[in-house]
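Everything on this sheet refers to the single structure shown next.
Sequence positions, counted from 1, serve as the residue numbers for this chain.
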Amino acid sequence: MAAINDHGRMKKPRNVQRALMDIGQAAPQVMAMRMMRLWMAGPNPGAADRREWQRMHEEKVEAWQEGGWAMGEAAARIQQRMWSEWSRAALEPWRWPAMGQGWMLTAPRDGQTLLASALAPARRRVVANARRLKRSR
């Protein structure tokens, strides 16, 4: 299901494949840079290294929470649309066959929307971390 933006226009669902590709490219880079930093710090990491380690942990929890909320919101919008269609169909039974076909067509897009909503916070953080860590080398 495509969401509606502030101007009342439909937004296209995010591209799940693109998000997975971005995460797949940036995550190994971020992991390598952070592990190298940890290895270089040795047994006594400095304040900057400890802050980076703390930031890493906080970002993971925040991305997981934001992804869950975003997926819940997307699911609520999809469910609201389906309940609206069901209630309209209760008054117009001759539309049932067409409605069933419509649901079969929108189900994959709805699934993509749910997955994209869940991936967006992680993608945003991983790509931002890759850029930030490349600059700080």
Side-chain angles (χ1 to χ4, degrees):
M1 177 185 121
I4 298 175
N5 65 14
D6 295 345
H7 305 292
R9 295 188 186 124
M10 297 296 278
K11 292 192 288 186
K12 292 181 182 175
R14 293 184 183 100
N15 190 337
V16 174
Q17 291 81 10
R18 176 63 189 222
L20 289 172
M21 185 179 73
D22 289 346
I23 291 170
Q25 285 180 335
Q29 294 173 10
V30 171
M31 289 170 50
M33 287 185 269
R34 282 180 166 161
M35 288 299 116
M36 181 60 80
R37 185 174 181 163
L38 181 66
W39 180 72
M40 297 285 284
N44 298 319
D49 295 322
R50 288 193 303 271
R51 277 193 308 270
E52 182 67 28
W53 200 251
Q54 181 66 32
R55 180 181 188 162
M56 178 184 69
H57 290 283
E58 289 171 358
E59 284 178 342
K60 288 180 188 322
V61 172
E62 289 170 358
W64 180 79
Q65 289 173 335
E66 286 178 26
W69 277 107
M71 197 164 118
E73 290 172 356
R77 285 191 304 270
I78 292 167
Q79 187 178 27
Q80 183 180 19
R81 178 183 46 109
M82 291 187 79
W83 276 109
S84 173
E85 291 173 7
W86 267 100
S87 59
R88 189 172 29 161
L91 301 173
E92 302 170 351
W94 56 88
R95 295 188 60 231
W96 290 356
M99 203 171 68
Q101 290 173 350
W103 286 343
M104 287 177 24
L105 294 173
T106 60
R109 188 176 57 209
D110 292 344
Q112 289 253 336
T113 300
L114 287 173
L115 186 55
S117 298
L119 288 173
R123 179 196 170 277
R124 184 175 58 248
R125 281 184 172 81
V126 167
V127 170
N129 280 334
R131 286 186 191 131
R132 180 179 56 81
L133 290 170
K134 281 180 188 176
R135 282 192 310 258
S136 68
R137 280 195 287 177

**Message:** Check this for me, if you would: do R88 and E92 make a salt bridge, where the nitrogen-to-carboxylate-oxygen distance has to be below 4.0 angstrom?
**Reply:** no

**Prompt:** Above 12 or not: heavy atoms from other molecules or residues under 6.0 Å from CE of M31?
**Reply:** no

**Asked** Any side-chain heavy atom of R125 sitting closer than 4.5 Å to one from K60?
**Response** no

**Prompt:** Minimum heavy-atom separation for P45 to D49, with atom names?
**Reply:** CB-CB, 3.8 Å

**From CD1 (I23) to CZ (R124), nearest 0.5 Å** = 11.0 Å

**Request:** Answer yes or no: does atom CD of Q80 have more than 12 heavy-atom neighbours from other residues, nucleotides or ligands under 6.0 Å?
**Result:** no

**Message:** Do V126 and D22 have side chains that approach each other closer than 4.5 Å (heavy atoms only, starting at C-beta)?
**Reply:** no

**Item:** Interatomic spacing from CG in L115 to CG in D110 - rounded to 0.5 Å
**Value:** 12.5 Å

**Fill in**
So CD1 of I78 and CE of M71: to nearest 0.5 Å the spacing works out to 9.5 Å

**Message:** Just so I know, are the side chains of Q17 and M21 near enough to count as touching, which here means a heavy-atom distance under 4.5 Å?
**Reply:** no

**Asked** Will you find, in the side chains of Q25 and Q29, an N or O donor that is under 3.5 Å from an N or O acceptor?
**Response** no

**Request:** Quick one: pull up OG1 in T106 and CE in M82 and give me the separation to the nearest 0.5 Å.
**Result:** 6.5 Å

**Message:** Any salt bridge linking E52 with R132? Criterion: basic side-chain nitrogen under 4.0 Å from a carboxylate oxygen.
**Reply:** yes

**Request:** For M35, check side-chain contact (heavy atoms from CB on, under 4.5 Å) against everything at least two apart and list the hits.
**Result:** L38, W53

**Request:** Please report the closest heavy-atom contact between A63 and P121, naming both atoms and the distance.
**Result:** O-CB, 3.9 Å

**Item:** Separation between OG of S84 and CD of Q79, rounded to the nearest 0.5 Å
**Value:** 12.5 Å

**Complete:** So CE of M56 and CG of N129: to nearest 0.5 Å the spacing works out to 10.0 Å

**Request:** Please report the closest heavy-atom contact between S117 and A70, naming both atoms and the distance.
**Result:** O-CB, 3.4 Å

